[in-house]
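Everything on this sheet refers to the single structure shown next.
Letters A, B, ... mirror the listed sequences (proteins, then strands); counts begin at 1. All values below come from the heavy atoms of this structure, side chains included, with hydrogens, waters and symmetry mates left out.
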Amino acid sequence: MRIISWNINSLRLRLPLLKELIDLANPDIICLQETKVPDNLFPQEDIKALGYPYIAYKGMKSYNGICILSKHSFEISPSSKNWCNQEDCRHLAVDFHFEGKLVTLHNFYVPAGGDEPDPSINTKFEHKLNFLKETTDWFKKNIEENSILVGDLNIAPLEHDVWSHKQLLKVVSHTPIETQKLTSWLKTGFIDAMREIVPSTEKLYTWWSYRNKDWEKSNRGRRLDHLWITPSLAPYLQTIQIFKEVRNWEKPSDHVPILLELKENLSS
DNA sequence: ATGGTCGTACGACGA
């Protein structure tokens, strides 16, 4: 079972890249963030033609938007929610069967939080912190035994999730209040699958800014995208993969796709 | 170097 998460930064603009990614990675399920397409304009037929007949999407004009594309059937999960009383298309969850289990897959796009890491003067940062509090409180009470949570969480929690821990401590995405809150959310019952595979002592990034043309050479990346699983699924964890090469494709997103692979037929 | 580049939608905003 191969599950991709990718902040695509406009689904319609990057449909050709999505096709290339499918050819490269052959995912069973694709979770996209920042689709930037209202539901009435969602390119449903194009997606089906790519081999993904099961589709769930929640989009709006210009901003945000998420979708889940699958080769296998699923149901929209009742835990798909609006957060902070805003219908801003940042979360979608589906239920599907895997190895005799019912698994809930959450796809999140956490608010980026603006530039100033002070909630008293920056309402976008305040929103980000409130969002993290709400999700953490909700998962504390409502997490399902077999859960996967993926998406652009817009926080790089560990020292080696950023190119310079010291220089980014006051930069939104790596401030202590954010990394603490993300860790609290993780600890509601998840395992950081990427760090199960790649030790925390190694640099690991999923995002490189558009503002740095020579992104690969300077390598000032951050791990903003995440793959979390509950302990019940840990025995199935086969590997993770970061498709860094996609950042060099024509007209790329600033985020690269990440893959979670779960073993099937574990007992046989 | 305190800038830089994107996408959306056509000016300004969000990232």
Side-chain angles (χ1 to χ4, degrees), chain A residues 5-18 20-21 31-43 46 57-67 82-84 86-91 107-119 121-132 150-157 161-164 166-175 177-179 181-182 205-226 243-258:
Chain A
S5 173
W6 188 21
N7 179 322
I8 195 169
N9 188 14
S10 175
L11 173 58
R12 286 174 293 175
L13 185 71
R14 276 182 252 286
L15 265 173
L17 268 65
L18 181 62
E20 256 187 89
L21 176 66
C31 296
L32 300 175
Q33 305 89 34
E34 280 206 89
T35 53
K36 294 187 175 176
V37 56
D39 289 347
N40 63 316
L41 295 176
F42 191 91
D46 295 305
Y57 50 85
K58 196 155 73 174
M60 59 194 280
K61 193 178 171 182
S62 301
Y63 306 114
N64 311 336
I66 63 280
C67 67
N82 287 320
W83 304 92
C84 302
Q86 296 194 41
E87 295 186 28
D88 56 356
C89 309
R90 295 181 178 278
H91 177 219
N107 181 17
F108 270 99
Y109 174 53
V110 171
D115 287 332
E116 197 58 52
D118 180 349
I121 59 166
N122 174 8
T123 55
K124 292 199 277 276
F125 194 70
E126 183 186 26
H127 179 212
K128 185 178 197 175
L129 299 184
N130 289 339
F131 191 100
L132 295 166
V150 306
D152 175 6
L153 305 185
N154 266 317
I155 297 171
D161 293 339
V162 293
W163 62 276
S164 169
K166 202 177 163 188
Q167 283 177 259
L168 285 166
L169 276 170
K170 291 180 177 172
V171 174
V172 170
S173 73
H174 194 62
T175 64
I177 186 154
E178 291 170 87
T179 57
K181 282 184 182 292
L182 195 72
Y205 312 138
T206 65
W207 172 91
W208 292 261
S209 173
Y210 280 129
R211 295 181 189 181
N212 194 338
K213 284 305 218 178
D214 213 352
W215 70 275
E216 197 163 18
K217 189 176 171 214
S218 63
N219 199 24
R220 295 184 169 190
R222 303 179 201 170
R223 185 169 72 109
L224 302 179
D225 303 273
H226 296 270
F243 290 94
K244 187 177 175 183
E245 65 265 44
V246 176
R247 188 62 178 77
N248 269 333
W249 288 0
E250 201 175 334
K251 301 258 293 171
S253 168
D254 45 356
H255 295 252
V256 298
I258 55 178

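- Nucleotide dA1(B) holds its P atom 18 Å from the CG atom of D214(A), rounded to whole Å.
- In this structure, R222(A) and L168(A) have side chains that are in contact, with non-hydrogen atoms separated by less than 4.5 Å.
- Residues passing the side-chain contact (heavy atoms from CB on, under 4.5 Å) test with S164(A), sequence neighbours excluded: K166(A), Q167(A).
- Under the side-chain hydrogen bond (donor to acceptor under 3.5 Å, both in side chains) criterion, T123(A) pairs with no residue, sequence neighbours left out.
- Distance check on atom C1': dA1(B) versus dT5(B) gives 16 Å, rounded to whole Å.
- Residues satisfying the side-chain hydrogen bond (donor to acceptor under 3.5 Å, both in side chains) test with S253(A), not counting sequence neighbours, are none.
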The contact string for nucleotides 10-15 of chain B, one letter per nucleotide 5' to 3', using protein heavy atoms under 4.0 Å with B, S and - for base, sugar-phosphate only and none, comes out as ----SB

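- With T35(A) as reference, L11(A) is the one residue of L11(A), N7(A), I66(A) to meet the side-chain contact (heavy atoms from CB on, under 4.5 Å) rule.
- Taking atom C1' in both dG14(B) and dC10(B), the straight-line distance is 16 Å, to the nearest Å.
- Salt-bridge formation is not detected for the pair R247(A)/E216(A): no Lys NZ or Arg NE/NH1/NH2 atom is positioned less than 4.0 Å from an Asp or Glu carboxylate oxygen.
- dA9(B) sits 15 Å from dA15(B) when the P atoms are compared, rounded to a whole Å.
- The separation between N212(A) atom CG and dA1(B) atom C1' is 12 Å, rounded to whole Å.
- Computed from coordinates, the K251(A) NZ to dC6(B) P distance equals 8 Å when rounded to whole Å.
- Remark: D46(A) pairs with L15(A), P43(A) by the side-chain contact (heavy atoms from CB on, under 4.5 Å) rule, at least two apart or across chains.
- For DNA chain B, if you chain together Watson-Crick or G-U pairs that step i with j, i+1 with j-1 and so on, the runs of at least three with distances under 3.5 Å are B:5-8 with B:12-15.
- Here dG3(B) presents its P atom at 15 Å from CZ of R220(A), a figure rounded to the nearest Å.
- The same atom, C1', is picked in dG7(B) and in dG11(B); the two are 14 Å apart, to the nearest Å.
- For the OP1/OP2 pair of dG7(B) and a distance below 4.0 Å, the side-chain nitrogens and oxygens of R14(A) include at least one atom meeting the criterion.
- L13(A) places its CG atom 13 Å from the C1' atom of dA9(B), with the value rounded to the nearest Å.
- Residues W215(A) and N248(A) bring a donor and an acceptor atom of their side chains to less than 3.5 Å of each other.
- Atom-to-atom, CD of Q167(A) to P of dT2(B) comes out at 15 Å; the value is rounded to the nearest Å.
- Between the side chains of N212(A) and S218(A), at least one donor N or O lies within less than 3.5 Å of an accepting N or O.
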